[in-house]
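Notes for the one structure printed next.
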There are 2 protein chains.
Amino acid sequence: MAQQPRNGRAPSVKDVAAAAGVSLGTVSNVLNRPAVVSSATRERVERAMAELGFIRNESARQLRAGTSRALAYVMLDGGNPFFQDVAEGIEQAADAADLSLFVCNSGGRAERESKHLDRLIQQRVQGILITPVDPDAPHLADIARRGIPFVMVDRLSSAGGHCSVAVDDVLGGRIAVEHLIDRGHERVAFVGGPSSIGQVRERCQGAREVWEEFGRPADDLIHLPTEALTVSEGRSAGERLAGLPSRRRPTAAFCANDLLALGLLQHAVTAGLRVPDDLAIVGFDDIDFAAAAAVPLTSVRQPRQELGRTAARLVLDEATNPDHRHEQATFVPALVARASTGAPRR
Amino acid sequence: MAQQPRNGRAPSVKDVAAAAGVSLGTVSNVLNRPAVVSSATRERVERAMAELGFIRNESARQLRAGTSRALAYVMLDGGNPFFQDVAEGIEQAADAADLSLFVCNSGGRAERESKHLDRLIQQRVQGILITPVDPDAPHLADIARRGIPFVMVDRLSSAGGHCSVAVDDVLGGRIAVEHLIDRGHERVAFVGGPSSIGQVRERCQGAREVWEEFGRPADDLIHLPTEALTVSEGRSAGERLAGLPSRRRPTAAFCANDLLALGLLQHAVTAGLRVPDDLAIVGFDDIDFAAAAAVPLTSVRQPRQELGRTAARLVLDEATNPDHRHEQATFVPALVARASTGAPRR
DNA sequence: TTGTAGGCGTTATCAT
DNA sequence: ATGATAACGCCTACAA
């Protein structure tokens, strides 16, 4: 690959054509319909391409094609490995389709999200995957209205005007609390917030439903609200929990996600509570760090990468299949029991 | 924004011009040199743009400009939060420059890395940031030769043919082991591998240097090799460590990164070893999960986001400043002492 | 101040 | 089988 970038610009089909002594159309044919070119010329052209270090210019192809060869994912919280795993699933699918992936992080801030979306629309990405700050934000509707393939990740579509991929969060909450009831716990805390987050509301709701169905007194399911789904909020919830009068103190906690659970675990250990004997803990998401904790965390598993792969599949279907129908893909969460909820109590 | 996407295509400057009753050049002026347009026409054009929902087509701008408005980062291991934090720093800088960011993950596989690079070159990204599988791989040199701005992240450039950003890993290793010596430990393990990874070699070297300088017998610095820098490899190192005859068993371990340290911690706790009393642990990177562990981990801190921001700054300088000089930015790591190494022993 | 024209690199259509 | 040409949307001289 002996470069001689004529005045800084990368070599184009035109340069290749000149070098190979053929017309520009022929070079294009070699690239896109090699069968139609005689093997002699094809070889000559290919040699020229190699010598010049020719690489197709995506921008030009995009301009012609009207759409880019890229997808985009706008994450809600880049600091949460859950979303990174979803992103990895998306990247796998994008790779398989030979597409590039823009990864953005809104960090939970609507205005950053909106700015990212603007940029992505300018880029004419083939499709946008997003775990939105607010599923009902108007700028999301704009995207669909623009006809840009669009999939909501980790949130079910309310209106059904687009595809979505999520697990059944209510069911997840049910599974978690059922497990704790099963373990003999009679006072349980739900740790999570803010309730502006749909996932939190639904996981909490599932917890409540089961608690009621088992005929437990509503007062024995204590809600410890948090301001975010972070480790440090988990720690602070732990402090509040430890501060409860012992007759009210729960013997188990169901946390709205694993980060909270890890924070809670840390505080419990620091405060000298034994896990699971003094306090059992269940998290949600089953990120890798849940299994890696000093006391491995029981967690409600979401098929993280598969969420991503499915979302990518849907967005590509919408982008390429004229008969595309919007689809709400729902996955079933599963309990992964580990040491943090210990052995059965009864 | 009342859309009427004429036959599916997004509205172009031409459409805006027609709607506003001006020429296409004027629309362009409104976009790029608003000062030169009379406020009356400008307003008319802006209204037309809003009504049509006009958004500039990046591909076309790129084609003209010869380069895209995007950067790219190729990560070595997407499962390690360290790289995610670096990526976040890069994204911050990219955002500030109004650039999009392609994020790719080589997963430590040279062939995936190479494939990603090919795609990124096709995309004509403004610059490529990479934490390479092998800093000496020929496909990296190709990039520089193509004149694509290029920065190596978390690895110093050997040859100096490009910019790089890293911390002083040897110093990091020194700091860690000095801390352990300071705590009175006389038998220490270095946990890490494979030695094909430069960072591992250098952190190990730093550990050795200090050990020697303090006149400690080489045999008392035990190397527990691992096959990767992962939690599960940390666990397995823990098993081997616990299996050592007690007179040889180290009282402290320095792990080449935090994932190993977390795995080691988990095994220690499971095996009934008290941390730090029976086994002190030092990690490397200071990812958020180090501080979040049940026994908060002492770690050698890298300025993760700042690494990313600096790398982005350098690549942008190379992209825009004709007088750019390649630069090897080196940061100084710092020990963050936490419970996993406990209080002084003497 | 506004309009016109040419070209960025690629692809596809139409002739040859 | 190959070559010439127009078009994608935008930007920037230059002309009016």
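All values reported here derive from a predicted model rather than from experimental measurement. Note on naming: letters A, B, ... go to the chains in the order of the sequence lines (proteins, then strands), and numbering restarts at 1 for each one.
- Phosphate proximity of C:dC8 to A:Ser59: absent, as no side-chain N or O sits under 4.0 Å from OP1 or OP2.
- Judged as a ring-ring contact (aromatic ring centres under 6.0 Å, His included), the pairs with a partner in residues 72-108 of chain B (not counting sequence neighbours) are, in order, A:Phe102-B:Phe102.
- In terms of the side-chain hydrogen bond (donor to acceptor under 3.5 Å, both in side chains) criterion, residue partners of B:Asn32 (sequence neighbours excluded) are, by chain and number, B:Ser28, B:Arg56.
- Take B:Ala19 and apply the side-chain contact (heavy atoms from CB on, under 4.5 Å) test, not counting sequence neighbours, and it matches B:Ala48, B:Leu52.
- Applying the side-chain hydrogen bond (donor to acceptor under 3.5 Å, both in side chains) rule to B:Gln122 yields no partners; only residues at least two apart in sequence or on another chain are considered.
- Taking side-chain N and O atoms only, B:Thr41 has a distance below 4.0 Å to OP1 or OP2 of C:dT2.
- Evaluation of the side-chain hydrogen bond (donor to acceptor under 3.5 Å, both in side chains) rule for B:Asp323 yields no partner, not counting sequence neighbours.
- Sorted by residue number, the list of members of residues 94-101 of chain B with any non-hydrogen atom under 4.0 Å from DNA chain C is empty.
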Solution key, residues 104-111 of chain A side-chain donor-acceptor pairs under 3.5 Å, sequence neighbours excluded:
{"unit_1": "A:Asn105", "atom_1": "OD1", "unit_2": "A:Gly78", "atom_2": "N", "d": "3.2"}
{"unit_1": "A:Asn105", "atom_1": "OD1", "unit_2": "A:Gly107", "atom_2": "N", "d": "2.9"}
{"unit_1": "A:Ser106", "atom_1": "OG", "unit_2": "A:Met75", "atom_2": "O", "d": "3.1"}
{"unit_1": "A:Ser106", "atom_1": "OG", "unit_2": "A:Gly108", "atom_2": "N", "d": "3.2"}

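- With respect to the salt-bridge test (charged N to carboxylate O, under 4.0 angstrom), the residues A:Arg112 and B:Asp95 qualify.
- Between the CD atom of A:Gln123 and the C1' atom of D:dG9 there is a distance of 15 Å, given to the nearest Å.
- Taking the screw axis at each terminus of the helix from C:dT1-D:dA16 to C:dT16-D:dA1 from five consecutive base pairs, the angle between the two is 50° to within rounding of 10 degrees.
- Every pair passing ring-ring contact (aromatic ring centres under 6.0 Å, His included) that includes a residue from residues 305-327 of chain A is listed here, sequence neighbours excluded: A:His324-A:His326.
- Every residue was checked against the side-chain contact (heavy atoms from CB on, under 4.5 Å) condition with A:Arg64, not counting sequence neighbours, and none meets it.
- When the P atom of C:dG9 is taken as reference, atom CD of B:Gln122 falls 15 Å away, rounded to whole Å.
- Proximity of A:Thr26 to the phosphate of D:dG3: a side-chain N or O atom is located under 4.0 Å from OP1 or OP2.
- Closest approach of B:Arg325 and B:Cys163 over heavy atoms only: O-SG, 4.4 Å.
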In B/S/- notation, 5' to 3', how is nucleotides 10-16 of chain C contacted by protein heavy atoms closer than 4.0 Å? BBSB---
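- Summarising the geometry, the separation between CG on B:Leu63 and P on D:dA7 is reported as 17 Å, rounded to the nearest angstrom.
- Sorted by first then second residue, the salt bridge (Lys or Arg N to Asp or Glu O under 4.0 Å) pairs that include residues 19-48 of chain A, not counting sequence neighbours, number zero.
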